[in-house]
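Here is the naming used below: chain letters follow the sequence lines, and residue numbers restart at 1 for every chain.
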Amino acid sequence: MSRLVLIDGSSYLYRAFHALPPLTAPDGSPTGALFGIVNMLRATLKENPDYVAFVVDAPGPTFRDELYPQYKANRPPMPDELRAQVEPMMQIVEALGFPILRVPGVEADDVIGTLALQAHEAGIPVTISTGDKDFAQLVRPGITLTNTMTGSITDDAGVVEKFGVRPDQVVDLLALMGDTVDNVPGVEKCGPKTAAKWLAQYDSLDGVMAAAADIGGKIGENLRAALHRLPLNRELVTIKTDVALEQAPQALKLRERDADALRGLYARYGFNAALRELEGGKPDPATRPAQATLAAATHAAEEAPDPALAAPGEYECITGSDALAAWVERLQAADLVSFDTETDSLDPMRANLVGLSFAVEPGKACYIPVGHDYPGVPAQLPRGQVLDALRPVLQDAGKPKLGQHGKYDLHVLRRHGVEVRGYAEDTMLESFVFDAGGLRHDMDRLARKHLGYQTIKYEDVAGKGARQILFSAVALDDATRYAAEDADITLRLHRVLSAKLAGEPTLQTVYRDIEMPLVPVLARMEATGVLVDAAELRRQSADLSQRMLAAQQRAHEIAGRAFNLDSPKQLGALLFDELKLPVVVKTPGGAPSTNEEALEAIADQHELPRLVLEYRGLAKLRNTYTDKLPEMINPDTGRLHTSYHQAGAATGRLSSNDPNLQNIPIRTADGRRIRTAFIAPEGRRIVACDYSQIELRIMAHLSRDAGLLRAFESGQDVHKATASEVFDVPLDEVSGDQRRAAKAINFGLMYGMSAWGLARQLGIGRGEAQDYIALYFGKYPGVRDFMERVRQQAREQGYVETVFGRRLQLAEIHSRNQAQRAGAERAAINAPMQGTAADIIKRAMVSVDAWLAGHRDQAAMLLQVHDELVFEAEAGFVDTLVAEVRRRMEAAASLDVALVVDVGVGRNWDEAH
DNA sequence: GTCGATACGTAC
DNA sequence: GACGTACGTATCGACG
């Protein structure tokens with residue numbers, strides 16, 4: 001069937017200009033927009049449309065200007081860089097053979113609308129190629145929109161999805177929203193969401209206008225104030241479909257292209273891929289212009305795995321002494337031993353060893369069961385005998401071992417009397433340094449991604465949910481297939497990942513010098529655990545419970561009925577539906593939020609919000625900390641053992657879980673009290689060492705901003721020093737509010753915060769916040785340049801880097817979704833600072849642990865909280881420890897600004913701060 | 001009963 | 001929409 005494609009040239013030109021980097025031709029003339037247009041045209045040609053037209057605006061006034069003299073009055077003149085690309089664009093369009101339509105006195109939109117409808121009536125399907133959402137009003141069965149820059153196609157369902165209204169309601173939606181670019185004011189504060197909501201309720205603009213009196217709140221007032229404008233708006237946003245045109249759609253045939261002219265134009269503007277295509281060759285990735293390769297680069301990692309990698313393996317179950325001896329010999333002879341353990345628990349501090357598996361060459365692996373126990377289980381080798389036989393291999397630091405998340409296995413084996421040395425490779429960490437921020441790094445996923453191999457899942461052999469059985473109850477042949485596969489796949493994965501890593505020396509250094517040495521250090525910290533005063537926590541729980549009950553009873557009294565204080569839904573219904581308190585914050589789901597900010601905002605209007613806040617604070621402490629921590633104390637050690645996740649956070653930070661000891665409260669008095677329960681044993685002290693302002697120092701280093709560097713050199717409180725500079729007052733005259741503002745800016749900037757966010761944070765106006773930021777950047781221009789550089793790097797490379805070369809991937813940086821893209825840009829700004837801080841403390845941990853190796857009886861490293869290391873030490877050893885730890889932490893990186901470590905000592909963690 | 005999504009809140 | 005990185009708890013509704 002034949003088809004008509006109508007190209008909205010003007011909209012593409014503007015959008016390509018703003019979306020693409022300011023590329024230049026070999027001769028220096030701007031080509032960014034042109035490049036976008038050329039790619040769009042080539043994409044259109046690949047579709048082989050029967051009829052096609054390239055439509056652009058003609059100069060001069062149109063009917064809309066007559067209707068509304070202010071129409072487009074605020075539109076800035078076309079930038080010179082863009083204007084310079086208009087003529088070349090027309091030449092290329094012409095040379096490609098596209099019919100060009102430019103009708104005086106008629107906007108391109110109306111030409112397109114008219115042609116679309118004419119073709120539609122003639123039974124010809126129409127595709128409108130545009131970046132302009134207004135065309136959604138023309139969509140119907142047979143007329144669709146396409147945007148080749150984003151790859152999106154919009155049909156009826158697409159309109160509903162995108163706007164939340166039917167295509168025939170789009171005009172009404174646009175009339176309500178208005179259009180700032182065209183200087184058409186809509187209803188103030190009414191965006192697409194509100195407009196769609198009203199239209200869902202009242203069906204049409206006329207319906208909304210008729211119901212205007214019933215709509216409450218500020219926005220209702222705004223609507224009533226805008227009523228008189230709305231009919232005109234509707235007329236302005238309606239695309240005409242009845243313009244008098246000379247050509248019928250059927251006349252819009254593509255002419256033959258002018259290859260000579262094209263060759264000249266492409267060469268002149270440096271469009272190499274297009275040139276190559278013209279010559280009949282295939283596009284060459286190496287010479288593609290920058291952003292074409294860039295878009296491809298984000299997907300390039302997914303090269304097809306070699307089918308041979310996914311071949312099934314031969315797995316042996318070892319239940320006899322001879323077979324064991326033979327395998328030990330193979331392990332002794334191997335360059336690298338892949339190993340894995342099977343247990344009966346996910347908690348490595350409690351798990352019992354059920355079996356071990358090994359592989360030394362791809363496809364060949366064994367499973368050695370030592371603890372399977374079910375009716376009719378075959379005889380197995382005694383665990384002691386197996387571990388004795390394996391110990392020489394596993395404990396030999398000169399025999400490199402390989403695992404997947406081997407820290408777990410190190411724990412299990414240590415608790416069974418085997419001290420693994422020479423743990424040299426870990427596929428989880430190899431994958432992590434390659435793609436932090438990408439998918440998770442569990443073996444199943446890695447196998448699918450890099451080997452194209454579907455592993456047997458744990459639940460396939462052990463079941464799941466209530467029916468899950470212990471691994472010790474799994475039949476030996478099932479267990480062998482599952483367990484031997486783990487060792488085998490780990491080895492195969494390592495072959496692939498280590499080869500990839502070899503091609504990236506910087507990443508290899510991060511892996512080899514930071515991540516791998518950290519594994520035994522973390523294992524040691526986890527194994528040591530921290531002593532917790534369970535009785536103290538239980539006392540606190542009792543106290544909290546009492547106060548919670550009081551708050552709850554009072555809340556029910558005030559409400560006049562019982563309700564669940566823990567249910568945001570019930571609470572929201574009470575506060576906002578029954579009591580009609582104002583809604584200041586909405587949840588991401590659109591419901592009225594009952595979060596702290598929302599309750600604070602209405603706390604002066606009713607007693608209830610304050611009580612809820614009180615209750616929430618108490619409940620959080622009890623439910624998350626004082627009730628839970630005592631339960632998690634390990635009965636064998638009497639201590640609390642967290643588990644650090646080394647490949648979790650996209651920035652390279654560690655995370656802590658089971659329990660999370662990185663979010664123990666400190667800000668409020670009640671919360672802080674929990675830290676008094678983290679204690680040192682008799683005769684010992686808790687020592688807490690934290691980096692002072694490490695991320696801000698890293699920002700000073702990375703930005704090389706002279707002013708910020710100076711602020712640190714002075715050795716003063718840095719927020720005060722910045723306040724003094726920014727507000728131009730002597731250091732000792734900085735007011736509390738000025739310091740608070742400077743601190744908020746310092747931190748906010750590191751998180752990519754906007755003026756809007758700063759205003760909210762400080763409770764000031766947006767304009768004032770903007771002024772602060774301008775003042776700040778005026779004093780610290782290097783910081784602003786740095787931010788821009790990072791954004792640029794993120795867009796060009798799809799990742800950013802830490803000082804040590806760790807790569808932080810930003811998958812969403814080219815997302816078509818504006819919010820996601822903006823989020824990725826903020827993450828990009830934060831990542832080099834957060835990530836460098838993570839690198840530094842990891843290096844410090846390795847260094848400190850190496851020193852502690854000679855003093856294991858006197859001190860131990862217990863916890864890491866991103867910028868803080870917590871130790872316990874014999875009282876008489878504290879001074880030595882402090883001196884050595886401080887020296888090593890401060891020397892973990894050499895930046896343009898000094899690293900400073902603050903130290904506290906006490907009988908518990910609270911005192912040590 | 002289990003699971004996942006959502007809302008909320010703690011840390012740095 | 002609007003401030004980055006985590007983890008844990010409670011509720012609630014879908015699902016089997």
Side-chain angles (χ1 to χ4, degrees), chain A residues 191-193 436-437 464-468 564-572 585-599 612-613 615-625 627-629 632 642-645 648-668 670-672 674-675 690-691 693-696 699 744-761 766 769 790 800 808 810 817-835 837-838 841 863-868:
Chain A
K193 288 278 149 59
K464 64 171 184 169
R467 282 190 302 281
Q468 187 168 80
N564 186 350
L565 265 170
D566 291 316
S567 168
K569 199 174 158 186
Q570 292 182 30
L571 184 59
V585 188
K586 296 229 176 171
T587 70
S593 172
T594 67
N595 71 11
E596 187 180 350
E597 190 191 347
L599 296 183
V612 174
L613 286 169
Y615 173 86
R616 285 243 181 99
L618 300 168
K620 175 78 177 177
L621 295 179
R622 197 195 67 177
N623 294 338
T624 313
Y625 303 106
D627 273 2
K628 292 289 151 43
L629 295 178
M632 302 186 78
T642 184
S643 176
Y644 290 103
H645 191 182
T651 53
R653 268 193 184 178
L654 299 177
S655 68
S656 157
N657 60 24
D658 293 306
N660 181 356
L661 295 186
Q662 291 180 322
N663 72 346
I664 303 300
I666 193 168
R667 285 168 199 184
T668 66
D670 279 330
R672 199 175 171 134
I674 292 168
R675 293 189 173 221
D690 68 282
Y691 282 111
Q693 306 293 357
I694 186 164
E695 291 191 16
L696 211 46
M699 182 161 91
I745 301 179
N746 277 330
F747 278 116
L749 281 178
M750 291 195 295
Y751 300 146
M753 189 167 69
S754 60
W756 185 92
L758 183 66
R760 199 165 118 139
Q761 165 90 24
R766 198 167 152 180
V790 173
V800 293
L808 312 160
L810 298 154
N817 179 318
Q818 150 86 23
Q820 279 183 8
R821 206 169 52 241
E825 287 192 7
R826 291 192 296 272
I829 285 175
N830 178 253
M833 293 176 269
Q834 193 179 117
I841 197 165
L863 302 173
Q864 189 253 40
V865 193
H866 309 306
D867 65 354
E868 173 185 14

- request: Among the candidates dT5(C), dC7(C), dA2(C), find the nucleotide nearest to the side-chain atoms of Arg766(A).
  value: dA2(C)

task: Report which part of the nucleic acid Ala819(A) touches: base, sugar-phosphate, or nothing (heavy-atom distance under 4.0 Å, all strands).
output: nothing

message: I want to verify a distance call: between dC12(B), dA10(C), dG8(C), whose nearest atom is closest to the Asn657(A) side chain?
response: dG8(C)

field: Nearest-nucleotide pick for Lys628(A), side chain only, options being dA10(C), dA2(C), dC7(C)
entry: dA10(C)

task: Using a 4.0 Å heavy-atom cut-off across all strands, classify Gly648(A) as base, sugar-phosphate, or nothing.
output: sugar-phosphate

- prompt: If you look at every strand shown and take non-hydrogen atoms under 4.0 Å, does Gly748(A) touch a base, only sugar-phosphate, or nothing?
  reply: nothing

query: Which nucleotide, dA2(C), dC12(B), dT10(B), lies nearest any side-chain atom of His866(A)?
result: dC12(B)

- prompt: Should the pair Lys620(A)-Glu596(A) be classified as a salt bridge under the 4.0 Å nitrogen-to-oxygen rule?
  reply: no

Presence of Ser655(A) side-chain N/O under 4.0 Å of dC7(C) phosphate oxygens OP1/OP2: yes

- request: Look only at the side chain of Asn830(A) and the backbone of Met750(A), and say whether a donor-acceptor pair between them is shorter than 3.5 Å.
  value: yes

field: Nearest-0.5 Å distance, CD1 of residue Ile841(A) to NE2 of residue His866(A)
entry: 9.0 Å

- request: Look up atom CG in Leu661(A) and atom OG in Ser656(A), then write down how far apart they are to the nearest 0.5 Å.
  value: 4.5 Å

message: For a quick test of reading the model: is some side-chain N or O of Thr624(A) closer than 4.0 Å to OP1 or OP2 of dT10(B)?
response: no

message: At less than 4.0 Å, is any side-chain N or O atom of Ser593(A) found next to OP1 or OP2 of dC8(B)? Yes or no.
response: yes

message: Need the pair for dA2(C). Rule: Watson-Crick or G-U wobble, both distances under 3.5 Å, any strand; none if unpaired.
response: none

- request: Can you figure out which of dC12(C), dG8(C), dT5(C) approaches the side chain of Lys620(A) most closely?
  value: dG8(C)

task: In whole angstrom, give the distance that lies between atom CG of Leu621(A) and atom P of dT9(C).
output: 13 Å

query: Taking the side chain of Thr651(A) as heavy atoms from C-beta outward, which of dT9(C), dT5(C), dG8(C) is closest to it?
result: dT5(C)

- request: In whole angstrom, give the distance that lies between atom CD of Gln820(A) and atom P of dG1(C).
  value: 13 Å

message: From C-beta outward on His645(A), which listed nucleotide comes closest to its side chain: dC7(C), dG8(C), dT9(C)?
response: dC7(C)

- line: Per atom distances to the Trp756(A) side chain, the nearest of dC8(B), dC12(B), dA2(C) is dA2(C)

- request: Compare the minimum distances between each of dC8(B), dT11(C), dT10(B) and the side chain of Tyr625(A), then state the nucleotide with the smallest one.
  value: dT10(B)

Residue-phosphate contact under 4.0 Å: Asn660(A) side-chain N/O, dA6(C) OP1/OP2: no

statement: Leu629(A) atom CG is separated from dG8(C) atom C1', nearest whole Å, by 11 Å

- line: Value for CG (Leu629(A)) from OG1 (Thr642(A)), rounded to nearest 0.5 Å, stands at 10.0 Å

query: Quick one: Gln570(A) CD to dT6(B) C1', roughly how many Å, whole number?
result: 15 Å

message: Main chain of Leu565(A), side chain of Gln570(A): is a donor-acceptor contact present, judged purely on distance under 3.5 Å?
response: no

message: Let's test your reading of the model: under 3.5 Å, does the base of dC12(B) pair with the side chain of Arg653(A) as donor and acceptor?
response: yes

task: Please state whether the phosphate of dA11(B), meaning OP1 or OP2, lies under 4.0 angstrom from any side-chain nitrogen or oxygen of Arg667(A).
output: yes

query: Which listed nucleotide (dA6(C), dT11(C), dA11(B)) is nearest to the side chain of Ala650(A)?
result: dA6(C)

field: Length of the CD-P vector between Glu695(A) and dA11(B), whole Å
entry: 16 Å

field: Distance (rounded to the nearest 0.5 Å) between Leu758(A) CG and Arg766(A) CZ
entry: 11.5 Å

message: Rounded to whole Å, how long is the line connecting atom CE of Met632(A) with atom P of dC7(C)?
response: 14 Å

Integer-rounded Å distance: dT6(B) P and Asn595(A) CG: 17 Å

- prompt: Over how many whole Å does the gap from Glu596(A) atom CD to dC8(B) atom P extend?
  reply: 12 Å

Distance test, side-chain N/O of Lys569(A) to OP1/OP2 of dG13(C), below 4.0 Å: yes

